[in-house]
Amino acid sequence: MKFKVFKYDKVNSTNIVSHNLAKNGQNNFIVMANTQTDGKGRLNRSWASEEGGLYLSIVLDISKFEEIAHSNFIASLSVLTTLKEFSSSFNTSDDINYSIKWPNDILLNNCKICGILSELNIKENYIVIGIGVNLNNSLGNIDNDCSYKAISLNQMFENTEKEQIDKNLFLTRLLSNFTNYLTMNSDDLINNYKLNSETLNKNVKIILKDSELTGKVVNIDFNGLYLDTNSDLGIKLIEVGDCIHLR
Ligand code: BTN
C-alpha cells in the first residue's frame, strides 16, 4: 500500500494533525513529526515526545479496510518485527527479547519501547493509528530490570551520538512490514501476536474504569483478553483496560 507522507518538525500531536487532514479529505496517509508538544497516550495519559523518538500516525480509509479490529495487532507486530530487524544489525552479546504487552505496548526486555494509540472515526470512515517508538531519545536512568518503565533503543544498545538509529530507514521498514501484516489472514495474524505476547498465560491485574480484576490470561483474540478470575465470575472477556503483569 502506498501512503502519502506528511512530515513536520514540531506538532501538538500527530494524531490531532491526522484527524484534521482526514476531515479535509485526505486518506491513506501518514503524519510524522520530530517532536510533539501534546503527545497523547492511552487512557488520557500524555506521551513524552522529545527529539529523537519516532512519532507517527498511520491513517487508513476503513471503507476499504474492513478488519478494524485487526489494526492494533497489525501495528504491534509491524513495530516488533522492525525492531527485531534493526537489533540484529547491532553487534551485541546481550540477550534481547522483544514482546507485546496487551493490548499493544512493545517491550524490550520488559521495558516499554513503543506505545500505540488508535482512534476510530466511524462517521468519517477512517482510523488513526498513532505509534510512538523510543529510538534515539533518552529516558533517564535505566537498570537491567526496568519493569515496564520506558527505554529507548539507543539507550539499550548504548549507542554513541554518531550511531543514531536512522529514523527514515526505520519508517521505511515499518511501513513495509505494516503492508505485509495488512494482508495476513486472521488466523496467522492472531497466532503471530500470541507467539510474541508477554501477557498470555500471565497472572495479571486489570484496571477497569470503576473496578479491578485479577486472574490468569487464558486467551487473547481480536475481541480482547480472556481472564480466568478463579471466582464465580469465571472467564471474563476484557475489551479495554489497563493491564499490569503480576509476578
Ligand atoms: C500509549 O502507550 O499510551 C500510547 C502512546 C502513543 C503515542 C503516539 S506518538 C505518535 C502518536 N501521536 C500521539 O499524540 N500519540 C501517538
Side-chain angles (χ1 to χ4, degrees), residues 3 5-23 26 29-60 71-80 82-83 98-108 110-121 126-140 146-154 165 167-168 170-171 174-175 178 193 196-199 204 206-209 224-225 238-245:
F3 295 97
V5 182
F6 295 89
K7 277 192 189 174
Y8 300 90
D9 184 34
K10 189 194 270 189
V11 294
N12 45 8
S13 148
T14 57
N15 274 25
I16 295 176
V17 173
S18 296
H19 284 291
N20 291 337
L21 289 168
K23 284 175 188 157
Q26 294 289 343
F29 61 93
I30 68 162
V31 174
M32 193 180 165
N34 288 335
T35 53
Q36 304 183 114
T37 52
D38 187 19
K40 303 203 173 303
R42 285 181 67 239
L43 308 167
N44 285 327
R45 296 186 185 121
S46 58
W47 183 259
S49 308
E50 301 295 318
E51 187 103 33
L54 180 74
Y55 311 109
L56 167 77
S57 298
I58 303 177
V59 183
L60 298 176
S71 57
N72 278 335
F73 295 77
I74 291 169
S76 306
L77 284 167
S78 310
V79 175
L80 182 107
T82 310
L83 285 166
Y98 289 102
S99 56
I100 308 169
K101 175 171 170 280
W102 185 86
N104 42 29
D105 289 347
I106 310 301
L107 307 181
L108 162 51
N110 275 342
C111 306
K112 182 161 169 173
I113 188 164
C114 164
I116 297 172
L117 172 68
S118 294
E119 296 172 317
L120 185 62
N121 187 327
Y126 68 84
I127 186 166
V128 175
I129 307 166
I131 303 174
V133 193
N134 299 323
L135 291 182
N136 298 313
N137 45 328
S138 175
L139 293 142
C146 63
S147 306
Y148 317 125
K149 287 198 227 102
I151 193 173
S152 79
L153 200 59
N154 211 10
I165 287 130
K167 270 206 275 182
N168 287 322
F170 193 93
L171 177 69
L174 179 60
L175 292 179
F178 190 90
Y193 179 95
N196 288 290
S197 171
E198 192 68 43
T199 308
V204 299
I206 302 287
I207 303 174
L208 303 167
K209 226 170 155 205
L225 168 158
I238 311 290
E239 291 172 74
V240 198
D242 219 3
C243 172
I244 295 170
H245 293 173

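Every number for a ligand or one of its atoms is a count from 1 in the order of the listing.
Polar contact check, Tyr55 against ligand 1: no nitrogen or oxygen pair lies under 3.5 Å apart. Residue Lys112 has at least one nitrogen or oxygen atom sitting less than 3.5 Å from a nitrogen or oxygen atom of ligand 1, judged on distance alone. The shortest N/O to N/O separation between Trp47 and ligand 1 does not fall below 3.5 Å. Not one N or O of Ser57 is nearer than 3.5 Å to an N or O of ligand 1, by distance alone.
Of all heavy-atom pairs spanning Asn137 and Leu135, the tightest one is OD1-N, 3.0 Å. Heavy atoms only, all atoms of each residue included: Thr199 and His245 are closest at OG1-NE2, 2.9 Å. When all heavy atoms of Asn15 and Leu117 are compared, the closest pair comes out as ND2-O, 3.4 Å. Looking at every heavy atom in both residues, Gly241 comes nearest to Trp102 through O-CZ3, 3.7 Å. The two residues Val11 and Ala33 make their nearest non-hydrogen contact at CG2-CB, 3.6 Å. Of all heavy-atom pairs spanning Ala75 and Ile129, the tightest one is CB-CG2, 3.8 Å.
Atom 1 (C) of ligand 1 has its closest protein heavy atom at Arg42 N, 3.5 Å. Nearest to atom 11 (C) of ligand 1 among the protein's heavy atoms is Thr14 OG1, 3.2 Å. With hydrogens left out, the protein atom closest to atom 8 (C) of ligand 1 is Gly132 N, 3.6 Å, a heavy atom. Of all protein heavy atoms, the one lying nearest to atom 15 (N) of ligand 1 is Lys40 O, 2.7 Å.
Close approach of ligand 1 to Gly39 is summarised as follows: ligand atoms under 4.0 Å from at least one heavy atom of the residue are 14 (O). The contact set between ligand 1 and Gly41, taken as ligand atoms under 4.0 Å from a residue heavy atom, comprises 1 (C), 3 (O), 4 (C), 5 (C). For ligand 1, the atoms lying closer than 4.0 Å to a non-hydrogen atom of Leu56 are 10 (C), 11 (C). Atoms of ligand 1 lying under 4.0 Å from at least one heavy atom of Asp105, given by number and element, are 2 (O).
Around CD of Glu119, the count of heavy atoms belonging to other residues, nucleotides or ligands within 6.0 Å exceeds 12.
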Assess the residue pair Asp38 and Ser13 against the criterion (side-chain hydrogen bond (donor to acceptor under 3.5 Å, both in side chains)); give the C-alpha distance rounded to whole Å, side-chain angles, the decisive distance to 0.1 Å, and a yes or no.
CA-CA 5 Å; Asp38 187 19; Ser13 148; over 6 Å; no
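Checking each of Arg42, Arg45, Lys112 against Asp105 for a salt bridge (charged side-chain N to carboxylate O under 4.0 Å, His left out) leaves exactly one that passes, namely Lys112.
The shell of residues lying under 4.0 angstrom from ligand 1, judged by heavy atoms, includes Gln36.
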